[in-house]
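Everything numeric in this text was worked out from a predicted model, so none of it was measured. In what follows, every chain begins at residue 1, and chains take the letters A, B, ... in the order their sequences are listed.
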Amino acid sequence: MSRARRRAAAPPAGSRSVLAGFLSLLGEVLITLGLVLGLFVAYSLWWTNVLADRQAAARGEEIRRHWQEQAPEQAGPGALDTRGGIGFLHVPAMKNGEVLVKAGTAPDILDDGVAGYYTEPVKSALPWDEKGNFSLAAHRDGHGAKFHNIDKLKNGDAVVFETRDTWYVYKVFAELRQTSKYNTDVITPVPKQSGRTAPGRYITLTTCTPVYTSKYRYIVWGELVRTEKVDAKRTPPAELR
Amino acid sequence: MYGWIWRHLPGNAWVRALISLVLVLAVVFVLFQYVFPWAEPLLPFNDVTVDEGSGATP
């Protein structure tokens, strides 16, 4: 009797061990996938920032050195050098120091921890242009996350753009907290939905929203209130002190 | 899977633990250096620009 029971129990035990082996393999694979996804989050939200900040700091230093070598008096008008970047954006309300600004909004440009000005679909004006909209994009998360705190900007906050010779001081006057990613009207020379109807010297910051996703776009508009000449010590304007 | 790897590593437990650590670090390095940078643009988490939906810009 006991022998018969043992013999009867043997085949199920064998198939159970195959099943158990399969389940434990499945479990290990799932645990591994979970760890890999966790690592991917760490990569996206932390490591890309480390790389991008390092890259942007190196490029920024290069540009400042370049500016110093070329004293303002020597450079005539039109001596503007956009190689590597046109200047630095300072937004005190975002508390993220200076943001290097480069031409273009392609991923390989923005991924270096910079803000890019649009070259398409609507070509951005530049701060020194007579009229137009200086439109910028930067990452909300990862790759430097330069516009992470864009939601902290309120009307009246200062946005300062620094070039070799001039501080351009803008004041925020409108925002669009959520819009379609196809809404290219927000970066036109006279941005629709900003409330302005006449040409002026505007600045537009665009990034993605809500945080950690790319479903919509967050837009902030400002307009130029004054410019200040950069002095020998590069004293920042009152807004940045 | 991990049991199988552990059984096939040479040396005593300490050596095996050390080799395991090196293997884990190697995997993390490959992920951060090659796999994630490749996968990230394929995922819709980090598009920040407005565009006309042509796919020309992120």
Side-chain angles (χ1 to χ4, degrees), chain A residues 21 24-29 31-32 35-36 39-45 47-48 51 104-111 115-116 118-122 135-143 145-147 179-187 204 206-209 212-219, chain B:
Chain A
S24 89
L25 180 69
L26 186 71
E28 287 183 356
V29 168
I31 290 169
T32 309
L35 287 174
V36 168
L39 280 175
F40 182 70
V41 171
Y43 168 83
S44 314
L45 298 183
W47 185 242
T48 58
L51 291 182
T105 54
D108 59 325
I109 296 167
L110 298 186
D111 286 359
Y118 282 84
T119 50
E120 53 162 6
V122 182
S135 52
L136 298 164
H139 280 293
R140 187 83 184 268
D141 290 290
H143 299 293
K146 294 305 178 189
F147 285 177
T179 187
S180 158
K181 59 182 171 186
Y182 303 124
N183 185 1
T184 54
D185 289 341
V186 299
I187 56 169
T204 306
T206 72
T207 191
C208 54
T209 199
Y212 310 130
T213 72
S214 296
K215 201 157 168 52
Y216 300 104
R217 298 294 175 266
Y218 197 112
I219 317 292
Chain B
M1 174 170 63
Y2 294 117
W4 185 89
I5 294 172
W6 181 260
R7 280 193 300 278
H8 285 74
L9 288 176
N12 61 24
W14 286 108
V15 175
R16 289 179 183 188
L18 195 67
I19 296 172
S20 306
L21 187 68
V22 170
L23 285 177
V24 167
L25 289 179
V27 168
V28 170
F29 174 81
V30 168
L31 286 175
F32 271 54
Q33 194 67 26
Y34 303 105
V35 180
F36 292 157
W38 162 81
E40 200 193 21
L42 308 175
L43 298 168
F45 298 136
N46 245 324
D47 304 338
V48 292
T49 57
V50 289
D51 62 57
E52 277 148 347
S54 58
T57 44

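Both the backbone and the side chain of B/P37 come within contact range of chain A, each with at least one heavy atom under 4.5 Å from a heavy atom of that chain. Only the side chain of A/V186 comes within less than 4.5 Å of a heavy atom in chain B; its backbone stays farther off. In this structure, chain B has a heavy atom under 4.5 Å from the side chain of A/I187, while its backbone stays farther away. For A/Y118, the part lying near chain B is the side chain, with the backbone staying farther off; criterion is any non-hydrogen pair under 4.5 Å. Of the two parts of A/T206, the backbone and the side chain both hold a non-hydrogen atom closer than 4.5 Å to a non-hydrogen atom of chain B.
A/K181 and A/S214 make their closest contact through CD-O, 4.5 Å (heavy atoms, listed as atom of the first residue, atom of the second, distance).
In terms of modelled atom types and a separation under 3.5 Å, the side chain of A/T184 and the main chain of B/V50 share no donor-acceptor contact.
Each side chain to side chain donor-acceptor pair (under 3.5 Å) pair with one or both residues in residues 2-25 of chain B, not counting sequence neighbours, appears once here: A/T32-B/Y2.
Considering only residues two or more places apart in sequence or on other chains, B/F36 meets the ring-ring contact (aromatic ring centres under 6.0 Å, His included) condition with A/F40, A/Y43, B/F32.
Rounding to the nearest 0.5 Å places NZ of A/K215 at 13.0 Å from SG of A/C208.
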